[in-house]
Amino acid sequence: MTATQPARPLSPDISVKPLRTLPSRRKPFFVELWQTAVGKKWIMAITGVMLMGFVFAHAVGNLKMYLGPADFDHYSEFLREILVPILPRTIFLWLLRIGLIAAFVFHIWAAASLTAMNRKANAPYVSRRDYVAANFAARTMRWTGIIILLFLIWHLADLTWGLKPIAPSDWTRGEAFNNVTESLERVGVAIFYVIANIALGIHLFHGSWSLFQSLGLNNPRFNKARRYFATGFAVLVAAMNISFPIMIQAGVVAG
Ligand code: HEM
């Protein structure tokens, strides 16, 4: 083709047809994250931190028991009155409860899902897992978790819902101090509370240690601090909680 020749028009048969756009196969970010082991670990860690905050605040709040019935019942009433009159009575408590229930459900869901993933990944290997690297707390997370769940169902029926025959015979709504002391004066219930809170301590120890790993914060330089934090947190919460049934049984706290 010389410079004087006009440019040939594109023949119609080679005209570029627009590509048909395929529907996107990508799922929403959180769904994709949820489907990975890393995503599930993040969910475990974040909900775990929320639950740790709750158990710590609950144990500290329960220390009011040592100040007597008036202080303890006043504290129980205060929880229902948070942000009144900006919000009607108990609304803020309900928002906290909803957050807590959501954290609890996602925590258990992620744990079950990770366990299923691990089982599938380990299925081809015939030999049993080598437990040398995993300590007692790590290996028993599922069992301590189940004990805590069973304890929680009992505990709510006992003190929050007043469900007979789990709750003490004269359980009365609004009389938190009387309800808890009457309940823990029963020897069997006190023993159950002690066992459940030892399980909680073991679970908290491993959970508060491994949450840093799950969030990718596992520099060996911080391992000592992580161990102090995990031990301190677990022992503190378990000691506060175990003190209540023991002191009630000893008659130091009496209704
Ligand atoms: C010895 C240890 C414990 C004692 C003495 C205790 C005491 C109480 C009491 C008195 C209430 C009722 C409060 C009220 O009516 O205002 C309560 C509620 C509750 N406790 Fe505990 N608790 C203990 C351990 C735990 C643990 C370890 C957990 C969690 C694993 C837990 C979770 C709850 C929950 C979710 C509620 C209901 C809160 C609400 O919806 O208002 N407690 N506890």
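Everything quoted here is computed from the prediction, not taken from an experiment. Numbering of ligands and ligand atoms starts at 1, following listing order.
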Practice problem: Give the atoms of ligand 1, by number and element, whose distance to some non-hydrogen atom of Leu159 is under 4.0 Å. | Solution: 7 (C), 8 (C), 9 (C), 10 (C)
Quiz item: Taking atom 26 (C) of ligand 1 as the point of reference, which of Trp94, Phe72, Phe151 owns the nearest heavy atom?
Solution: Phe151
Practice problem: Please work out which of the three classes, parallel, tilted or perpendicular, describes the rings of Trp109 and Trp34, given edges at 30° and 60°. | Solution: tilted
Quiz item: Nearest protein heavy-atom contact for atom 25 (C) of ligand 1: which residue, which atom, what distance?
Solution: His58 CD2, 3.5 Å
Exercise. Mind listing the closest non-hydrogen atom pair of Ala199 and Ile148 along with its distance?
Key: O-CD1, 4.3 Å
Quiz prompt | Shortest reach to atom 39 (C) of ligand 1 by a heavy atom, considering only Met240, Arg97, His155, Glu77 | solution = Arg97
Quiz item: Contact between Phe54 and ligand 1, counting heavy atoms under 4.0 Å?
Solution: yes
Quiz prompt | Closest to atom 32 (C) of ligand 1 among Leu152, Ile246, Leu63, Ile101 (heavy-atom distance) | solution = Leu152
Quiz prompt | Sub-4.0 Å protein heavy atom next to atom 2 (C) of ligand 1 | solution = yes
Practice problem: Answer with yes or no whether the side chains of Ser243 and Tyr66 bring together a donor and an acceptor at under 3.5 Å. | Solution: yes
Practice problem: Check Asn241 against ligand 1 and report side chain, backbone, both or neither, counting heavy atoms closer than 4.0 Å. | Solution: both
Exercise. Could you tell me which atoms of ligand 1, counted from 1 in the order shown, lie closer than 4.0 angstrom to a heavy atom of Thr160?
Key: 18 (C), 37 (C)
Self-check item: Distance-only N or O hit between ligand 1 and Arg80, under 3.5 Å
Solution: yes
Practice problem: Could you list which atoms of ligand 1 come closer than 4.0 Å to a heavy atom of Leu200? | Solution: 27 (C)
